[in-house]
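Beneath this line is the structure, given in structure tokens, with notes to follow.
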Number of protein chains: 2
Amino acid sequence: MAFVFPLADITSTRQQPKNWLNSIIKGDCVAALNALPDHSVDAIFADPPYNLQLGGVLHRPDHSVVDAVDDEWDQFASFEMYDAFTRAWLLACRRVLKPNGTIWVIGSYHNIFRVGAIMQDLNFWLLNDIVWRKTNPMPNFKGRRFQNAHETMIWASRDAKSKGYTFNYDALKASNDDVQMRSDWLFPICSGGERLKGDDGKKVHPTQKPEALLARIIMSCTKPGDIILDPFFGSGTTGAVAKRLGRNFVGIEREQDYIDAASARIEAVEPLGGAELTVMTGKKAEPRVAFNTLVESGLIRPGQVLTDAKRKWSAIVRADGTLASGGSAGSIHRLGAKVQGFDACNGWTFWHYEEDGVLKPIDDLRTVIRNDMAKAG
Amino acid sequence: MAFVFPLADITSTRQQPKNWLNSIIKGDCVAALNALPDHSVDAIFADPPYNLQLGGVLHRPDHSVVDAVDDEWDQFASFEMYDAFTRAWLLACRRVLKPNGTIWVIGSYHNIFRVGAIMQDLNFWLLNDIVWRKTNPMPNFKGRRFQNAHETMIWASRDAKSKGYTFNYDALKASNDDVQMRSDWLFPICSGGERLKGDDGKKVHPTQKPEALLARIIMSCTKPGDIILDPFFGSGTTGAVAKRLGRNFVGIEREQDYIDAASARIEAVEPLGGAELTVMTGKKAEPRVAFNTLVESGLIRPGQVLTDAKRKWSAIVRADGTLASGGSAGSIHRLGAKVQGFDACNGWTFWHYEEDGVLKPIDDLRTVIRNDMAKAG
DNA sequence: CTCTCGTTTGAATCCTACG
DNA sequence: CCGTAGGATTCAAACGAGA
């Protein structure tokens, strides 16, 4: 199957329906959208600039410099400017969307609240907010905040009356161990072989999204043959996944470098046959239960005394989920190592609690928690 | 320990500081907030209602299904009213918050985007958005959307310049298997024995939050003795957890039924003692020791040679507490950075001294000094 | 070939006390 | 207010070198 990626002519697309199908339109997002016909696409995936507002350079503990997203296209002078930009492209998207079409917008806490509020103001009807939990997010290097480990996506229909939107509930459920798909998804960030790199070995696009994420989105809200629009096409993940899954795409992108990379990428994609069009399953969550979970759940009480199996050493549980013994304090692992004079220690098997006069490893309590939490994955 | 929960007199609270401590103020949220002094609370947890209806009845998330407002004007008007309400209570909170205080607001996709955008407009500085993943969320019965399995919390400081906010990074990390705490948290919804029920067996409050959630929030951004304000007190989870964790609270609530239930609930809470409330801190909290102190105390001699861990670089200690190496001289940090060609360097962990043929970081000697200081009081 | 270990990297609003 | 200097700070995954 040969795909061609003409750069659609903005001035003529509106008059000649469908010549823009499976192509990348070069140009400003709003101008290009305005050239498309009314009610012409079934779904939209938008990954707009996040307006990160970064400060100076950020160093890792090993003194290397974080390669930040400081591109010109992510800079806005003020919230007002960002809001105006957001309103413009969302409004243009709304006209192009079919009455029963739906739109996805992805963002971080820097921009997603503004985007969501504007979507409501423009009469989009929010169906879900979906959390993309990253298995391998960048750490918080300075220890001044929680590790920013997720991004947020808003899924919305054109308006509250649009009840006929596509939602492949049963397929999603069947692909998810026969339980309905939740609003929190777990995927790795895009890296390794999937990440597009230039001749210089550097990443082509700073924020390339993983194909698995787009695959779940496209499989959830479109049917084979549907048309998916991506007004911030970038490296073309939307187009590549759409083609592979037997959907049509339209991309809009300003920068020729991105268009070139995306075109070559999509060209190389082999579409799947009908039988293979199953939903990609996300990564199965590891049931990680930390010690604080035991304290927060009440299975272990602050003030409670833990000992080793032979009651040689003891420590007191503190409300913050750390242990204290003598003048030392730390995690169950660090303190276990410390009292024994070791470099390392598995606190889960070393520390014991007493129940009915019997010492049991605190690891036993972890299984209790795991059983409770298994459902959430 | 007996707690009393006087319903603080709104008209007099501002003039009589602290009589509102550990009490529930009855009344309208904004009016009550306006009666509190400037910069008087360390942290705020807010669980606001998510929408206004014509009759002025407030509905909470997951309480009832919103009927679609198909009248465009009404819909716009209701968003506007909700925004005005949100702006009013957030602004009132901002005045009451200490300059280095932080605020948490929880919501769902129905309201959190508006809340977040308004917070940014009011100059709050967003630090994180935190996702509360529910282990046992309500299913989506109609199969028309993804299961709404999470709620979103926004954590923000008073403004971008507020760098001195409390964040117990080291305790959180130690309690989390020695990896930093992420922005996605997993907790069960409030049910079972924790859920307050009336004489009729019905739940007292429709959206009672789990104590484990509040415990993590309070432990992350406050110290023992801090004051936590909850302007939508409801069933009083914030107060109950604050009391148990040795923090002070202020609640604001309109409905007497909720006040009665919360008062009885908090009254029954047994506060934790002192030792287990100690929050683990890291190196940042240790008293500073100048390298010069090591030289003056004789632990390091002038003329002594220091090297890095691999003996690649070396430097000689001078009597004034500086290092010299190959024509350069400076502090342990400056010279460590200089020889490596870095902007910065932690000289305490970079430079080593030799003892019994083994290289040890000079940081070890700093702990000797600190231990001596501790003994001396 | 496998296994180990070190290196690199990803949408980041990322330090703070003191003079 | 600013400038300077002390010195604290990272997780998971992919990849490549070397045993």
Side-chain angles (χ1 to χ4, degrees), chain A residues 47-71 73-76 79 106-112 132 134-152 188-195 197 201-203 205-210 232 234 283 286 288, chain B residues 100 120 124-129 156-157 159-161 163-165 167 169-170 173 176-183 281-292 330-334 336-337 342-351 362-363 366:
Chain A
D47 184 11
Y50 287 9
N51 188 24
L52 284 188
Q53 308 174 63
L54 302 177
V57 290
L58 178 63
H59 290 266
R60 294 188 171 84
D62 66 0
H63 305 295
S64 64
V65 174
V66 175
D67 183 17
V69 179
D70 50 5
D71 304 67
W73 48 254
D74 198 48
Q75 310 294 323
F76 292 83
F79 283 137
I106 187 169
S108 66
Y109 67 87
H110 310 86
N111 71 323
I112 199 65
W132 168 27
K134 303 180 183 184
T135 58
N136 48 351
M138 189 182 293
N140 183 288
F141 294 113
K142 303 294 187 187
R144 291 299 292 145
R145 304 181 178 195
F146 296 94
Q147 182 184 29
N148 193 10
H150 74 275
E151 293 187 26
T152 301
I189 59 176
C190 182
S191 67
E194 187 184 323
R195 189 86 195 216
K197 303 215 172 82
K202 289 182 178 173
K203 56 192 176 194
H205 193 279
T207 70
Q208 183 180 342
K209 295 294 176 289
F232 305 96
K283 182 159 174 151
E286 72 292 6
R288 263 204 52 189
Chain B
N100 276 322
Q120 290 181 312
F124 284 104
W125 191 244
L126 306 196
L127 298 170
N128 280 113
D129 59 334
S157 63
D159 57 66
K161 298 189 303 293
K163 299 286 192 183
Y165 58 87
F167 181 54
Y169 175 81
D170 297 288
K173 181 175 175 176
N176 192 43
D177 272 359
D178 292 317
V179 293
Q180 56 184 212
M181 189 69 77
R182 295 168 47 111
S183 56
T281 56
K283 290 173 88 174
K284 274 181 186 165
E286 297 286 309
R288 277 199 181 177
V289 175
F291 182 66
N292 201 14
S331 71
I332 54 172
H333 311 296
R334 288 288 137 233
F342 289 158
D343 288 344
C345 165
N346 183 347
W348 290 109
T349 52
F350 178 72
W351 295 109
I362 57 175
D363 202 27
R366 190 165 57 156

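Letters A, B, ... mirror the listed sequences (proteins, then strands); counts begin at 1.
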Base-pair map of DNA chain C as dot-bracket, where | denotes pairing with a different strand and pairs are Watson-Crick or G-U under 3.5 Å: .|||||||||....|||||
Please determine, by modelled atom types, if A:Y50 and A:E151 share a side-chain donor-acceptor pair under 3.5 angstrom.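 Yes, because at least one side-chain N or O of A:Y50 sits under 3.5 Å from a partner of the opposite role on A:E151.
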Polar contact flag, side-chain donor to acceptor under 3.5 angstrom, B:S331-B:H333: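 B:H333 and B:S331 do not have a side-chain donor-acceptor pair below 3.5 Å.
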Take A:D62 and B:L126, find for each the nucleotide of DNA chain C with the closest heavy atom, and name the residue whose nucleotide sits nearer the 5' end.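 It is A:D62, whose closest nucleotide lies nearer the 5' terminus.
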Which residue, A:K142 or A:P206, contacts DNA chain C at a nucleotide closer to its 5' end, judged by nearest heavy atom?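 The residue whose closest nucleotide sits nearer the 5' end is A:P206.
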For A:L58 and C:dT13, what is the distance between atoms CG and P respectively, to the nearest whole Å?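 Answer to the nearest Å: 9 Å.
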Name the nucleic acid region contacted by [X], choosing base, sugar-phosphate or nothing; use a 4.0 angstrom heavy-atom cut-off, strictly under.
| X | result |
| --- | --- |
| B:G164 | nothing |
| B:K173 | sugar-phosphate |
| A:N140 | base |
| B:C345 | base |
| B:R288 | base |
| B:V289 | sugar-phosphate |
| B:V179 | sugar-phosphate |
| B:R366 | sugar-phosphate |
| A:T207 | base |
| B:A344 | base |

Anti or syn, where syn is a glycosidic angle within 90° of 0; which label fits D:dT9?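 Anti, since the glycosidic angle lies more than 90° from 0.
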Distance check, [atom1] atoms only: [N] and [M], in whole angstrom units.
| N | M | atom1 | result |
| --- | --- | --- | --- |
| D:dT9 | C:dA12 | C1' | 14 Å |
| D:dA12 | C:dT13 | C1' | 23 Å |
| C:dC1 | D:dA19 | C1' | 13 Å |
| D:dT10 | C:dG6 | C1' | 16 Å |

Kindly state whether the pair B:W125 / C:dT13 counts as stacked, where counting means centroids closer than 5.5 Å and planes tilted less than 30° apart.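 B:W125 vs C:dT13: stacking yes.
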Could you check B:D129 against A:N148 for side-chain contact (heavy atoms from CB on, under 4.5 Å), going step by step and ending with a plain yes or no? CA-CA 8 Å; B:D129 59 334; A:N148 193 10; 4.2 Å; yes
Could you check whether any side-chain N or O of A:D74 sits under 3.5 Å from a backbone N or O of A:L52, counting only pairs where one atom can act as donor and the other as acceptor?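 Answer holds: yes.
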Salt bridge (Lys or Arg N to Asp or Glu O under 4.0 Å) partners for B:K173, two or more places apart: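 None.
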Within less than 4.0 Å of OP1 or OP2 of C:dT16, is there a side-chain N or O belonging to A:R144?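 So the side chain of A:R144 is within the cut-off, an N or O lying under 4.0 Å from OP1 or OP2 of C:dT16.
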Report yes if at least one side-chain N or O of A:N136 is closer than 4.0 Å to OP1 or OP2 of D:dC11; otherwise report no.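 No, no such contact exists.
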Proximity of A:F146 and B:Y169 rings by center, below 6.0 Å: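 Not under 6.0 Å, so no.
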Position toward the 5' end of DNA chain D (nearest nucleotide), A:F141 or B:H333: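 This one resolves to B:H333.
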Contact between A:I189 and A:P137 at the side-chain level, heavy atoms closer than 4.5 Å - yes or no?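 A:I189 vs A:P137: side chains apart.
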Can you find a donor-acceptor N/O pair under 3.5 angstrom joining the side chain of A:R60 to the base of C:dG10?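 Present.
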Quiz item: cation-pi between B:R366 and B:F291, 6.0 Å / 45°: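 Relative to the ring axis of B:F291, which defines the angle, B:R366 lies outside at least one limit.
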